Asks: 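A single structure is presented below for examination.
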Amino acid sequence: MIWLILLVIITYFRTLFNAGISDDISVHSELRNKGFPIRWKELDFNPFYPVHDFLWKVFKNKWVYHHIVNMLFFMGLVCSFYFVAQKWLPENVVFLASVFFTVHPCNAQVGGWISGKHYGITLILGLWALYFNNVALYILTALFAPNMLALPLLMNISLPVKILAIALYLLLVSKSLNSKGSQVVSEGEYKKDNLKFYPRKLIVALKSFCNYFCLAFLPLRMGWFHELGEPIDKKMKAFNFHAILCVLLIASMFLFYGTPAFLGLAIFALFIAPFSNILSFGLFTSERYMCPALIGWSIFLAYITISYPIVATVIITAYFMRTQLELWAYRDDFTLALYSLLNFNKSGFAWCNLANYFLTSRRPSAAFDTLQESVKRLPEFPTHYYQLYLMYRAVDLLCDFDKALEYLEKACHYGKHEAWYKELETFKEQLKAQRIKKFKESCVTKYPTIRQFRPSAQPDTQDIGELVLGAASLGSY
């Protein structure tokens, strides 16, 4: 176990030089504005909240300390895997599997991202729930991250208890998602048909599963904003050569049937299945949700390479180097945004995230150019229209309310988001009130009131025309 702890330190030492990224920065800003409170009253909703808040209260934006805590959590995860798996598997296989799991690049979002520790904590609880055959520990994992759904299927409990446990788990996950007002809820409905089931969804699920499999085997094209940013298009639904390759890939997995290695593949498939886009908001593939599945993948690799140390060494070295590149991309928000965009240039969220970085770093012209490029490439993606609306509405930026209204209407048209519709109605009312105010001010300065009229004092034709046009423009809102 000492060697595994040293391996975690060597693998994630790079993170000690990284800053906060993505949600880390927004969480810090939100808590700082509230005075870094500790949510004791929400202990029944999520027992991790006080710990989470305490860490932020103590360390604030001293990122190195947060990364040390993350490293310790990841050590706990690796050691838990090593200890728990020995209940069913040989020690030498478990050790090699733990090494594969530690250096796998897809775990970088868990071990190298401050806000990603929840996914590691979930798996720690899930492993010990499996070890003790404890349903309560399994249900508790739903409060942290929704990636342990299939765990009861591995537990030695009766079928009715398994069904009940999964139902309670899904209930907690549903409440958690609705309470957060997350990106999934707010922006993921721009393709509402993706939430429906239809026969072509089986092809989508097949391709999604194979995408995860390839990501586990050869994690080259990685990034963050492929989670919701790539819509399920006609090409994804088509039964083409890509689909045939996926069928062959899944069929090849059964070549290991009857061998110990197949156990690893079965565990991998079990935990990937809920994230294969049968019901989803868009093409969803996220490395951090692969964390439980990578347990199975690591066991599979350990069994097939245990007799071939040179092959195992080559794979471990390749994974380690790829992880270092991934952790380098996490060094700051700009590097992460650019890195994700280079990997996923068809992702609207990647473009918007880069634009958001430019805005927060006081480079609005670069943000505007980035959003315009996003509109050109992805005309049906709603979020860039919403960001353009915010820029045009800001009096210290573009300050063009007509353009702002135009972009907000486009965002609502493609996004179908209830909060945006409410904002649209509010903005229209504000714009109408502002125009009425300006119109009245112009009447005071340009047109005399009835009491001020004298028989010879009449407004000229041009002024009457302006008055009519002004009244007509008010009627359009």
Side-chain angles (χ1 to χ4, degrees), residues 22-23 25-26 28-30 32-33 181 183 186-187 189-190 225 229 333-334 337-338 341 347-447 459 462-477:
S22 186
D23 290 357
I25 298 172
S26 57
H28 172 260
S29 299
E30 181 181 350
R32 181 189 58 196
N33 294 336
Q183 195 176 60
S186 64
E187 298 164 338
E189 296 188 45
Y190 66 99
F225 296 96
D333 237 17
F334 175 70
L338 191 60
L341 183 59
S347 168
F349 286 102
W351 285 98
C352 289
N353 188 66
L354 182 60
N356 187 60
Y357 169 80
F358 286 134
L359 272 178
T360 55
S361 58
R362 301 181 184 278
R363 296 162 65 184
S365 58
F368 182 79
D369 291 342
T370 303
L371 290 172
Q372 289 295 328
E373 183 65 25
S374 179
V375 169
K376 186 191 305 182
R377 290 169 177 259
L378 303 160
E380 294 187 3
F381 185 74
T383 307
H384 47 218
Y385 293 118
Y386 186 77
Q387 284 192 296
L388 283 167
Y389 149 72
L390 294 176
M391 289 190 70
Y392 273 107
R393 182 176 179 173
V395 293
D396 56 340
L397 289 177
L398 299 175
C399 194
D400 186 333
F401 295 148
D402 290 327
K403 275 286 187 182
L405 180 63
E406 176 187 339
Y407 281 117
L408 183 55
E409 286 176 335
K410 286 184 178 180
C412 291
H413 174 70
Y414 293 115
K416 313 295 184 186
H417 176 34
E418 184 179 349
W420 288 357
Y421 281 119
K422 292 179 180 177
E423 189 166 355
L424 177 62
E425 294 303 316
T426 302
F427 185 57
K428 282 184 175 181
E429 290 296 323
Q430 291 172 344
L431 192 57
K432 182 177 180 180
Q434 183 190 52
R435 293 198 172 203
I436 291 174
K437 181 179 178 182
K438 287 185 176 180
F439 177 72
K440 288 181 177 179
E441 288 175 352
S442 67
C443 287
V444 171
T445 55
K446 294 179 66 175
Y447 310 110
Q462 183 179 359
D463 286 339
I464 293 174
E466 290 176 354
L467 183 64
V468 172
L469 289 174
S473 67
L474 288 175
S476 64
Y477 293 98

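Keep in mind that the numbers below use all heavy atoms, side chains included, and drop hydrogens, waters and symmetry copies. Note that the structure is a prediction, hence the values are computed from the model and not measured.
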Asks: Taking the side chain as every heavy atom from C-beta outward, state whether Val375 and Leu388 have any pair of such atoms under 4.5 Å apart.
Replies: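 With C-beta onward as the side chain, the pair touches.
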
Asks: At what distance, to the nearest 0.5 angstrom, does CG of Leu405 lie from CG of Leu431?
Replies: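 Here the interatomic distance stands at 6.5 Å.
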
Asks: Quick one, Gln430 and Arg393 - any side-chain contact, counting heavy atoms below 4.5 Å?
Replies: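 A side-chain contact exists here, since the closest heavy-atom pair is under 4.5 Å.
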
Asks: So, taking the atom named OG1 in Thr360 and the one named CZ in Phe334, what distance separates them when rounded to the nearest 0.5 Å?
Replies: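 Reported to 0.5 Å precision, the distance equals 11.5 Å.
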
Asks: To the nearest 0.5 Å, what is the distance between CG (Leu354) and CD (Glu373)?
Replies: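 The CD atom of Glu373 is 11.0 Å from CG of Leu354, to the nearest 0.5 Å.
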
Asks: Name the residue from Tyr389, Tyr421, Tyr407 that meets the ring pair (Phe, Tyr, Trp, His ring centres under 6.0 Å) definition with Phe427.
Replies: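 Of the listed options, the one satisfying the test is Tyr389.
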
Asks: Measure the CZ-CG distance between Phe358 and Asp369 for me, rounded to the nearest 0.5 Å.
Replies: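 Separation between the atoms: 9.0 Å.
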
Asks: Could you state the interatomic distance from OG (Ser365) to CG (Leu359), rounded to the nearest 0.5 Å?
Replies: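 Ser365 OG to Leu359 CG: 10.0 Å, rounded to 0.5 Å.
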
Asks: Heavy atoms only: give me the nearest Ala367-Ala355 pair and the separation to one decimal.
Replies: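 Shortest heavy-atom separation between Ala367 and Ala355 comes out as CB-O, 3.4 Å.
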
Asks: Judged by atom type as modelled, is there a donor-acceptor pair below 3.5 Å linking the side chain of His384 to the main-chain atoms of Leu378?
Replies: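 The answer is yes, because a donor-acceptor pair under 3.5 Å joins these two groups.
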
Asks: Checking Glu429 against Lys432 for the salt bridge (Lys or Arg N to Asp or Glu O under 4.0 Å) test, could you report, in this order, the C-alpha distance in whole Å, the side-chain angles of both residues, the deciding distance, and whether it holds?
Replies: CA-CA 5 Å; Glu429 290 296 323; Lys432 182 177 180 180; 5.6 Å; no

Asks: Would Phe381 and Phe349 count as a close aromatic pair, with their ring centres under 6.0 Å?
Replies: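 Ring centres of Phe349 and Phe381 closer than 6.0 Å.
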
Asks: Asn353 and Ala337: which non-hydrogen atoms are nearest, and at how many Å?
Replies: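 For Asn353 and Ala337, the tightest heavy-atom pair comes out as ND2-CB, 3.4 Å.
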
Asks: So does Lys422 get a backbone contact from the side chain of Thr426, meaning a donor-acceptor N/O pair under 3.5 Å?
Replies: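 Judged by distance alone, yes, a pair lies under 3.5 Å.
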
Asks: Side-chain contact, heavy-atom cut-off 4.5 Å: Arg32 with Ser29?
Replies: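 Answer yes - side chains close enough.
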
Asks: Among Trp420, Tyr414, Trp351, exactly one meets ring pair (Phe, Tyr, Trp, His ring centres under 6.0 Å) together with Tyr385. Which residue is that?
Replies: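 One option only clears the test, and that one is Tyr414.
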
Asks: Just by distance, with hydrogens left out, do Glu406 and Tyr392 show a side-chain donor and acceptor under 3.5 Å apart?
Replies: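 No, no side-chain donor-acceptor pair sits under 3.5 Å.
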
Asks: Looking at side-chain heavy atoms only, is the closest gap between Leu408 and Leu390 below 4.5 Å?
Replies: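 Side chain of Leu408 against side chain of Leu390, heavy atoms only: no contact under 4.5 Å found.
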
